[in-house]
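Single-structure report; data block below.
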2 protein chains.
Amino acid sequence: MKSLIDFRADILKALAQPTRLKIIDFLRDGERCVCEIFPAIDEEQSNTSRHLNMMLASGVLSRRKEGLKIFYAIKHPEVLKIVDIVTLIVKQEISERHELMKAV
Amino acid sequence: MKSLIDFRADILKALAQPTRLKIIDFLRDGERCVCEIFPAIDEEQSNTSRHLNMMLASGVLSRRKEGLKIFYAIKHPEVLKIVDIVTLIVKQEISERHELMKAV
DNA sequence: CAACTGCATGACTATATAATCATGTAGTTG
DNA sequence: CAACTACATGATTATATAGTCATGCAGTTG
């Protein structure tokens with residue numbers, strides 16, 4: 001049986017990959033069908049589909065069917081908050097490493 | 001060369017693993033030496049050391065030497081914010097899945 | 001300086017992950 | 001119903017990751 005900590009790791013893992021981050025970024029403005037997503041992030045349809053299903057399973061995305069198309073959306077708006085905080089940390093890290101370079 | 005999105009994935013990856021989450025949780029109250037950390041999270045010293053070094057490299061932890069001991073600490077307080085948000089999402093997910101069970 | 005302490009790392013194993021190509025399938029349309 | 005569209009999935013490959021055991025190494029102490 002999965003513990004609470006495993007669930008937390010699953011959510012974070014669902015965000016911790018470049019292709020998936022690109023998808024999250026693209027879904028910021030709202031739901032999109034797969035046919036829009038994979039060209040936008042420049043990945044294969046099959047690969048994109050796997051990542052979408054993975055994020056669906058871990059509870060990061062939600063899915064809606066409409067005719068032939070399937071629309072994915074960010075399920076919890078908090079996810080975007082996380083991504084934004086990470087962006088902030090990265091900026092701090094980069095400017096810090098930049099300072100270290102200048103010091104040499 | 002690494003892109004910004006790769007750096008973001010690296011930070012998230014550093015958090016997206018049960019053993020590392022346990023370490024983060026244990027470091028909430030401040031810096032600790034390795035000799036305190038690995039018994040607290042009930043992992044081998046070598047394994048703990050690898051995870052600590054990994055989180056150090058990705059910028060999640062900082063390190064301080066003092067005699068024989070090496071103290072690790074959470075470098076960016078924002079990291080705790082992220083973990084807290086994830087906990088919130090997990091709780092929402094679990095209560096939602098609980099509702100689904102009742103519906104059956 | 002010999003023995004010890006605290007941590008890191010090499011070598012290895014088992015497992016997970018990401019990506020690709022080909023194919024399958026549900027639903028739509030002429 | 002045949003052809004098509006949009007998406008998912010099987011099979012495979014290459015690479016990454018987590019963990020273990022043994023060993024190395026820096027710094028401390030008697």
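Given the structure is predicted, the values throughout are model-derived calculations rather than measurements. Naming: A, B, ... by sequence-line order, numbering from 1 per chain. Heavy-atom basis, side chains included; hydrogens, waters and symmetry copies ignored.
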Round to the nearest Å and state the distance from B:M54 atom CE to D:dT17 atom C1'.
-> 9 Å

Is A:Y72 touching bases, backbone alone, or none of the nucleic acid, heavy atoms closer than 4.0 Å?
-> sugar-phosphate

Strictly below 4.0 Å, heavy-atom distances to any atom of DNA chain D: list the hits from residues 31-41 of chain B, or just say none.
-> none

Carboxylate-amine/guanidinium contact A:D42 A:K22, below 4.0 Å = no

Taking CD1 from B:I70 and C1' from D:dT28, how many angstroms apart are they, rounded to a whole number?
-> 14 Å

Between CG of A:L88 and CD1 of B:I82, what distance do you get to the nearest 0.5 Å?
-> 9.5 Å

Partner of B:E31 by salt bridge (charged side-chain N to carboxylate O under 4.0 Å, His left out), out of B:K69, B:K65, B:R64 = B:R64

Counting N and O atoms only, with roles assigned by atom type, does the side chain of A:N53 sit under 3.5 Å from a partner on the main chain of A:S49, one being a donor and the other an acceptor?
-> yes

Backbone N or O of B:R20 within a donor-acceptor pair of the B:Q17 side chain at under 3.5 Å?
-> yes

Please determine if a side-chain N or O atom of A:T19 lies less than 4.0 Å away from the OP1 or OP2 oxygen of C:dA19.
-> yes

For B:E93 and A:H76, test the side chains for any donor-to-acceptor distance below 3.5 angstrom and give the result as yes or no.
-> yes

So does A:Q17 get a side-chain nitrogen or oxygen closer than 4.0 Å to the phosphate oxygens (OP1/OP2) of C:dA19?
-> yes

Length of the line joining B:N53:CG and D:dG24:P, which is rounded to integer Å = 19 Å

Any donor-acceptor N/O pair, B:N47 side chain to B:E44 backbone, under 3.5 Å | no

Its contact letters, B for base, S for sugar-phosphate only and - for none at protein heavy atoms under 4.0 Å, make nucleotides 21-27 of chain C read BB---BB

What integer distance in Å separates B:L52:CG from C:dA8:P?
-> 7 Å

To the nearest angstrom, the CD-P distance between B:E66 and C:dT5 comes to 19 Å

Ion pair present between A:E96 and B:K75, side-chain N to carboxylate O less than 4.0 angstrom?
-> yes

With respect to the phosphate group of D:dT17, does any side-chain polar atom (N or O) of B:H51 fall under 4.0 Å of OP1 or OP2?
-> no

How long is the line joining CZ of A:R63 and C1' of D:dC7, in whole Å?
-> 9 Å

Measure the distance from CG on A:L56 to C1' on D:dA8 and round it to the nearest whole Å.
-> 12 Å

Could you give the CG-to-P distance, from A:L61 to D:dA8, as a whole number of Å?
-> 11 Å

Under 4.0 Å between a Lys/Arg side-chain N and an Asp/Glu carboxylate O for A:R28 and A:D84?
-> yes

